[in-house]
K.L.:
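Structure below; questions to follow.
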Amino acid sequence: MTYTLDVWYHHDTNRSKPEPVRTESELEALLTYLLTHEQPHPAQIAGQGLPTIGRRNRPDRLFKLDVSHHAPVGALLYMGPGPAVDMTEKAPDFVLTDPASERTTVVEVKSGAWVTRAAEPIEDAPALYIDKATGAEFPRDATLPISLVLQALLEFQETGQRPTCVDWQQTAIV
């Protein structure tokens, strides 16, 4: 299944509603816009049709994205469920049964916050922000080439899960 992304960012129409992004070319155009237009806050990205939480039906998984205007780089913060961990030998939180093999696996899915981590940190990486109002910066090793940011968001659009095509590190800053 492919998810339409809801993207909140500052643009000419300055709407309070998210901009829907359905295709790879729309996502590329969005990243180009962000790279060329200063944003007062990082863009926020969620997927339509994914689980929500609370009375206000807020997305249970969300990205914050900041990019540089001086180089084609960016960093992602992901908040939401992380990867499932096999807990077959321990007390289960969730039980998954594969109907084809009738194999039962107990998995635990923990929510948290992670930022990207570059396999090879970019030398002289620019400051990118998780929250510009408080000055909370991404770690310098969270900076990725914009092509990897695109790849990660395309994977999220396809799976609705935290992307596996990039490395992640836990963070307490959200």
K.L.:
Should Tyr129 and Leu77 be regarded as members of a common hydrophobic cluster, given that ILVMFWY residues are connected when their side-chain heavy atoms come within less than 4.5 Å of each other, either directly or indirectly?
P.N.:
no
K.L.:
Report the distance from atom CG of Leu76 to atom CZ of Phe156, rounding to the nearest 0.5 Å.
P.N.:
10.5 Å
K.L.:
Checking Glu137 now: which residues fulfil salt bridge (charged side-chain N to carboxylate O under 4.0 Å, His left out) with it, not counting sequence neighbours?
P.N.:
Arg140
K.L.:
To the closest 0.5 Å, what do you measure between OG1 (Thr116) and CG (Leu148)?
P.N.:
9.5 Å
K.L.:
Which of these, Ile146, Leu150, Thr23, sits in a side-chain contact (heavy atoms from CB on, under 4.5 Å) with Glu28?
P.N.:
Leu150
K.L.:
Could you pull out the closest heavy-atom pair between Thr171 and Ile173, with the gap in Å?
P.N.:
OG1-N, 3.1 Å
K.L.:
Run the side-chain contact (heavy atoms from CB on, under 4.5 Å) test against Thr4 and tell me which residues pass, sequence neighbours left out.
P.N.:
Pro20, Arg22, Gln48
K.L.:
From Gln157 CD over to Met1 CE, what is the distance, rounded to the nearest 0.5 angstrom?
P.N.:
11.5 Å
K.L.:
Report yes or no: do Leu65 and Ile122 belong to one cluster of Ile/Leu/Val/Met/Phe/Trp/Tyr joined by side chain heavy-atom distances under 4.5 Å?
P.N.:
no
K.L.:
Drop me the distance from Thr36's OG1 to His69's NE2, to the nearest 0.5 angstrom.
P.N.:
8.5 Å
K.L.:
Do you know the tightest heavy-atom contact between Phe138 and Asp66?
P.N.:
CE1-CB, 4.1 Å
K.L.:
Give, for atom CH2 of Trp8 and atom CD of Glu19, the distance between the pair rounded to the nearest 0.5 Å.
P.N.:
11.5 Å
K.L.:
Within 45° of the axis and under 6.0 Å from the centre of the six-membered ring of Trp114, does NZ or CZ of Arg162 qualify?
P.N.:
yes
K.L.:
What is the minimum heavy-atom distance between Ala75 and Val149, and which atoms define it?
P.N.:
N-CG2, 4.5 Å
K.L.:
Looking only at heavy atoms, what is the nearest atom pair of Ala125 and Thr143, with distance?
P.N.:
CB-OG1, 3.8 Å
K.L.:
Mind checking side-chain contact (heavy atoms from CB on, under 4.5 Å) for Pro59 and listing every partner two or more places apart, or none if nothing turns up?
P.N.:
Ala46
K.L.:
Start with the C-alpha distance between Ile45 and Leu62, add both sets of side-chain angles, then the distance that settles side-chain contact (heavy atoms from CB on, under 4.5 Å), and finish with yes or no.
P.N.:
CA-CA 6 Å; Ile45 303 167; Leu62 180 77; 5.7 Å; no
K.L.:
In this structure, which one of Val73, Val67, Leu30 forms a side-chain contact (heavy atoms from CB on, under 4.5 Å) with Leu35?
P.N.:
Val67
K.L.:
Between Arg61 and Gly160, is there a donor-acceptor pair closer than 3.5 Å when you use the side chain of the first and the backbone of the second?
P.N.:
yes
K.L.:
For Gln39, check side-chain contact (heavy atoms from CB on, under 4.5 Å) against everything at least two apart and list the hits.
P.N.:
Tyr9, His10, Tyr33, Leu34, His37, Lys132
K.L.:
Is it true that the side chains of Gln44 and Asp6 contain a donor and an acceptor less than 3.5 Å apart?
P.N.:
no
K.L.:
Mind checking the CZ-CE spacing from Phe63 to Met79? Nearest 0.5 Å is all I need.
P.N.:
10.0 Å
K.L.:
Take atom CG in Asn57; do more than 12 heavy atoms of anything else shown fall under 6.0 Å from it?
P.N.:
yes
K.L.:
Minimum heavy-atom separation for Ser68 to Leu128, with atom names?
P.N.:
N-CD2, 3.7 Å
K.L.:
For the residue pair Pro139 and Gln169, establish whether any side-chain heavy-atom pair is separated by less than 4.5 Å.
P.N.:
yes
K.L.:
What is the minimum heavy-atom distance between Pro42 and Ile130, and which atoms define it?
P.N.:
CG-O, 3.3 Å
K.L.:
With sequence neighbours excluded, what pairs up with Thr164 under the side chain to side chain donor-acceptor pair (under 3.5 Å) test?
P.N.:
Glu155
K.L.:
Suppose we screen for side chain to side chain donor-acceptor pair (under 3.5 Å). Which residues come up paired with Glu24, at least two apart in sequence or across chains?
P.N.:
none
